[in-house]
Amino acid sequence: MEKFQAFRGLVAPLDRVNVDTDQIIPKQFLKSIFRTGYGVNLFDEWRYGDAGYPGQDASQRPLNPDFVLNQARYQGASILVSGDNFGCGSSREHAPWALQEYGFKVIIAPSFADIFFNNCFKIGLLPIILPAPVVAQLIACATREVGYHLAIDLQAQEVGSDAGEKWSFEIDAFRRDCLLQGLDDIGLTLQRSAAIRAFELTHQARAPWVFHDIDSL
Amino acid sequence: MAGKTLYDKLWQDHLVEERDDGSALLYIDRHLLHEVTSPQAFEGLKLAGRQPWRRQANVATPDHNVPTDAEQRRRGVDGIVDATSRLQVQTLDDNCRDFAITEFAINDARQGIVHVVGPEQGLTLPGMTVVCGDSHTATIGALGCLAHGIGTSEVEHVLATQCLIQKKSLNMQVRVEGSLPAGVTAKDMVLAIIGHLGTAGGTGYAIEFAGSAVRALSMEGRMTLCNMAIEAGARVGMVAVDEVTLDYVRARPYAPKGAAWEAAQAYWRTLHSDADARFDRVVHLDAGQMAPQVTWGTSPEMVLPIGATLPDPAQADAVRAAAWRRAYEYMGLRPGMQLSDIGVDRVFIGSCTNSRIEDLRAAAAVIRGRRVAASVKQALVVPGSGQVRQQAEAEGLDQVFLAAGFEWRLPGCSMCLAMNADRLGAGEHCASTSNRNFEGRQGQGGRTHLVSPAMAAAAAIAGHFVDVRSF
Ligand code: SF4
């Protein structure tokens with residue numbers, strides 16, 4: 001995973017609540033066995049004027065001019081601001097994959113669905129929770145002002161505007177450090193192998209049926 | 001000191017270690033896999049040269065992409081027409097072979113929707129931590145498990161380490177007391193709960209469903225209830241172990257036998273919240289007040305009892321009003337309409353919410369001796385597993401469905417999310433026993449109404465939503 005560095009980026013507003021993972025990346029694109037290739041189908045049903053299917057040439061597809069991310073002023077946006085319960089629905093990690101591949105590094109919302117929130121950290125996408133009134137203000141600014149930018153400083157846990165406003169956000173120390181250092185979860189956990197083995201032995205003594213041989217049936 | 005909740009107990013019994021910042025390593029007993037969320041995890045494992053930590057913790061079955069029509073199914077993986085779907089199912093087979101993971105492959109008699117298969121085979125047992133790269137893993141909490149969905153990176157993490165890095169959730173108890181009126185089911189109960197809590201009401205919580213109305217539910221009903229905990233925002237739903245649980249588990253193929261059973265059940269009987277346990281939030285609902293539910297919008301919280309009038313956005317706060325207006329537009333409905341004014345084009349009885357034997361019995365009871373309305377283009381019954389299908393056929397339920405004009409399919413996720421060929425056309429309304437009514441979920445432009453199997457059956461016969469109690 002790449003280290004998460006402080007940056008200043010263009011903000012795109014998605015003024016909806018309950019943006020679900022079926023909208024973020026519709027299921028037909030989940031048939032891929034690869035980790036990449038999802039960015040072009042991010043928000044597919046809102047973004048394009050035709051029905052999307054895997055393997056299409058996106059450059060030939062009609063764009064929906066009303067969809068916010070299709071407006072020229074939001075091209076290159078790296079920060080998405082949206083409403084409550086962002087990422088609800090399925091556990092598909094394809095949703096954060098698609099957002100990241102499209103170019104987003106940060107998603108700001110008043111609340112996120114648990115599994116989506118958790119999945120973001122696994123790939124180095126940062127979900128930031130800010131109070132609803134602040135989010136409403138950010139959406140209003142990004143809608144009104146062309147080229148509205150925010151600065152994201154994970155180390156300081158702060159979001160800042162060019163006008164000098166600052167909003168701090170909460171994040172688990174463990175998750176923050178993993179992002180900042182670009183740490184790989186599996187490698188970290190495997191450093192604890194001895195503890196896992198020890199637990200496993202105790203657990204097996206207490207609940208042997210968990211460890212029954214399932215090959216023989 | 002206050003007692004422990006069921007969730008506290010399950011958490012504590014699987015805690016490998018805790019860090020100062022509150023994150024923890026949690027040991028995973030059973031890991032279920034399907035074809036959609038596992039290929040990239042297996043690829044990661046291979047690239048890193050790693051092996052599964054405890055191979056026999058893992059069990060796989062393909063479900064999302066498999067065709068449900070007999071003709072295509074006969075030829076196994078090769079019979080899958082869509083090349084990308086075929087490759088995905090083939091990749092699961094290949095990965096299971098390469099890592100020697102038990103798989104109920106496409107035409108195995110035990111294949112089915114992963115959340116139906118796990119409990120049915122006794123591969124998921126009370127007291128276990130169970131994960132799967134699928135949010136409806138919550139279903140399995142009905143057994144008194146700690147079961148939840150994970151993303152693909154975590155699938156790889158569990159394969160490689162047998163653990164998850166977790167943060168403990170808060171405890172919520174949803175108490176449903178009293179008894180459900182006739183014709184009102186576990187599905188109606190959970191839809192009513194979601195209507196009450198909202199789709200984000202459970203975010204950050206592990207929900208225990210309790211109360212006399214929950215205890216009165218069968219295991220199937222409890223699974224329906226826990227299945228949709230995620231639609232209330234909670235990734236964990238669970239029900240305490242009791243005699244109903246033990247009776248369900250006892251004869252399962254992979255359940256412990258003999259002395260092992262005795263030891264297991266003695267432990268399982270401790271899996272309930274202590275009388276003095278403290279919950280961060282408790283919600284009370286009265287089962288006696290519940291009626292059959294129908295969703296009208298594009299979020300499971302947009303739900304009403306049959307007989308209700310569709311709400312007026314002018315009466316709602318600004319955020320909800322905007323969501324409702326968008327939902328009305330997508331669904332092609334208007335405030336002030338009755339649910340019974342909504343005609344149905346297709347009917348889908350299936351999904352991990354409602355595809356178990358009791359669900360099919362409930363639907364068949366409504367349908368017996370009747371015909372699907374001429375205005376309904378398609379009515380599908382898709383059993384949750386090969387075992388459910390066999391049982392239903394042994395009871396003659398397939399004949400009831402076929403005689404009424406339903407199609408009787410092979411097991412899989414099917415029209416729940418339309419990754420295979422079963423889907424809605426744009427603008428079509430579907431009475432569906434699944435769990436999500438999101439825009440496009442059952443096919444682009446499709447309009448989903450979530451209901452119980454009995455309500456779906458009644459809608460198929462009437463051609464529009466009706467109160468199954470007066471049917
Ligand atoms: S039946 Fe539907 S909700 Fe259940 S696992 Fe399959 S796709 Fe997911």
Side-chain angles (χ1 to χ4, degrees), chain A residues 15-18 20 22-23 26-28 30-35 45 51-52 54-55 83-85 88-94 96 111-116 118-119 122-123 172-175 185-186 188-190 192-193 195-196 198-200 203 206-215 217, chain B residues 16-17 19 21-23 25 27 29 36-37 39-40 48 56 59 65 82 84-85 87-88 91 102 123 125 127-128 133-135 149-154 156-157 160-163 165 167 199-200 203-204 233 235 253-254 256 260 263-264 267 299 319 323 417-419 436 438-441 444:
Chain A
D15 191 8
R16 296 186 180 224
V17 293
N18 297 324
D20 62 74
D22 277 273
Q23 293 312 327
K27 69 265 170 174
Q28 62 269 34
L30 272 50
K31 294 180 184 181
S32 163
I33 58 168
F34 303 108
R35 215 175 240 276
E45 288 180 12
D84 258 316
N85 201 25
C88 62
S90 85
S91 66
R92 62 189 71 160
E93 198 166 304
H94 311 65
S111 65
F112 291 88
D114 281 346
I115 302 180
F116 174 85
N118 195 42
N119 282 343
K122 306 293 175 191
I123 64 161
D172 290 352
F174 175 73
R175 282 173 161 156
D185 270 2
I186 296 180
L188 276 180
T189 301
L190 285 175
R192 307 301 304 149
S193 290
I196 301 171
F199 173 85
E200 214 165 32
H203 190 42
R206 181 182 50 203
W209 56 87
V210 168
F211 296 81
H212 279 174
D213 177 15
I214 65 163
D215 284 348
L217 262 172
Chain B
V16 175
E17 56 184 20
R19 294 195 187 83
D21 61 12
S23 71
L25 263 190
Y27 189 81
D29 292 331
V36 180
T37 53
Q40 297 86 357
Q56 293 201 43
V59 180
N65 279 279
D82 181 299
T84 45
S85 287
L87 178 61
Q88 199 166 56
T91 303
T102 297
L123 284 161
L125 296 168
M128 279 184 168
D134 196 289
S135 58
I150 55 178
T152 296
S153 292
E154 290 180 312
E156 186 181 341
H157 192 277
T161 72
Q162 212 51 52
C163 291
I165 300 172
K167 208 165 175 179
T199 46
T203 304
R235 50 181 187 163
Y254 288 90
Y267 167 64
S299 166
V319 173
L417 95 165
M419 261 181 100
R436 288 192 177 134
F438 298 156
E439 290 182 22
R441 169 82 176 179
Q444 191 163 17

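Keep in mind that what you see is a predicted model, and the values were worked out from it rather than measured. Throughout, a chain's letter reflects where its sequence line sits, starting with A, and its residues are numbered from 1.
- Inter-residue side-chain proximity for A:E200 and B:Y27 is flagged as met; some heavy-atom pair is nearer than 4.5 Å.
- Between chain B and the options A:D172, A:L190, A:N118, A:D114, the largest number of non-hydrogen pairs under 4.5 Å is found for A:D114.
- Heavy atoms closer than 4.5 Å to chain B are found nowhere in A:R175, neither backbone nor side chain.
- For the pair A:D22/B:E439, no side-chain contact is recorded, criterion being any heavy-atom separation below 4.5 Å from C-beta on.
- Both the backbone and the side chain of A:A51 come within less than 4.5 Å of a heavy atom in chain B.
- When heavy atoms are compared at a cutoff of 4.5 Å, B:R19 approaches chain A solely by way of its side chain, counted from C-beta outward.
- Put simply, CD1 on A:I186 and SG on B:C163 are 11.5 Å apart, with the number rounded to the nearest 0.5 Å.
- Annotation: the span from A:D20 atom CG to B:T199 atom OG1 amounts to 9.5 Å, rounded to 0.5 Å.
- A distance of 8.0 Å separates OG1 in B:T91 from CZ in A:F34, rounded to the nearest 0.5 Å.
- Chain A forms the most heavy-atom pairs under 4.5 Å with one residue out of B:S23, B:A323, B:A260, B:S85, and that residue is B:S85.
- Between the OG atom of B:S153 and the CZ atom of A:R35 there is a distance of 4.5 Å, given to the nearest 0.5 Å.
- Contact check for A:Q28 versus B:T84: no side-chain heavy atoms found under the 4.5 Å cut-off.
- By number of non-hydrogen pairs under 4.5 angstrom with chain A, the leading residue of B:Q162, B:M128, B:E154 is B:E154.
- Shown here for B:D29 and A:H203, the closest heavy-atom pair between the two residues is OD1-NE2, 2.8 Å.
- Within the 4.5 angstrom heavy-atom criterion, no atom of B:A48 approaches chain A.
- Among the candidates B:D134, B:V319, B:T161, the residue making the largest number of heavy-atom pairs closer than 4.5 Å to chain A is B:T161.
- With a threshold of 4.5 angstrom between heavy atoms, B:L417 approaches chain A through its backbone and through its side chain.
- In this structure, B:D82 places its CG atom where more than 12 heavy-atom neighbours from other residues, nucleotides or ligands lie under 6.0 Å away.
- Between B:Q56 and A:D213 there is a side-chain heavy-atom pair separated by less than 4.5 Å.
- Once rounded to the nearest 0.5 Å, the distance linking OG of B:S135 with CD1 of A:I115 reads 5.5 Å.
- With a 4.5 angstrom heavy-atom cutoff, A:F112 touches chain B only via backbone atoms.
- For the pair A:P26/B:Q444, no side-chain contact is recorded, criterion being any heavy-atom separation below 4.5 Å from C-beta on.
- Using a 4.5 Å cut-off between heavy atoms, A:S90 touches chain B through backbone and side chain atoms alike.
- Of the listed residues A:P208, A:A195, A:G55, A:S91, the one with more heavy-atom pairs under 4.5 angstrom with chain B than any other is A:S91.
- For chain B, the nearby parts of A:H212 are the backbone and the side chain; heavy atoms of each come within less than 4.5 Å.
- Nearest approach of A:D215 to B:T102, heavy atoms of both residues: OD1-OG1, 3.6 Å.
- For the atom pair A:K27 NZ and B:R441 CZ, the distance stands at 7.5 Å (nearest 0.5 Å).
- The main-chain N or O of B:F438 is never found under 3.5 Å from a side-chain atom of A:Q23 such that the two would form a donor-acceptor pair.
- Heavy-atom distances place both the backbone and the side chain of A:E45 under 4.5 Å from chain B.
- Counting heavy-atom pairs under 4.5 Å between each of B:G127, B:P39, B:G22 and chain A puts B:P39 at the top.
- When heavy atoms are compared at a cutoff of 4.5 Å, A:N119 approaches chain B solely by way of its side chain, counted from C-beta outward.
- Most heavy-atom pairs under 4.5 Å with chain B: of the set A:V17, A:D15, A:N85, this distinction falls to A:N85.
- For A:I123, the part lying near chain B is the side chain, with the backbone staying farther off; criterion is any non-hydrogen pair under 4.5 Å.
- For the pair A:R192 and B:L25, the minimum side-chain heavy-atom distance is below 4.5 Å.
- Within the 4.5 angstrom heavy-atom criterion, no atom of A:D84 approaches chain B.
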B:E156 vs A:D185, side chain to side chain contact (heavy atoms under 4.5 Å, CB included): CA-CA, chis, key distance, verdict: CA-CA 10 Å; B:E156 186 181 341; A:D185 270 2; over 6 Å; no
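- When heavy atoms are compared at a cutoff of 4.5 Å, B:Y267 approaches chain A solely by way of its side chain, counted from C-beta outward.
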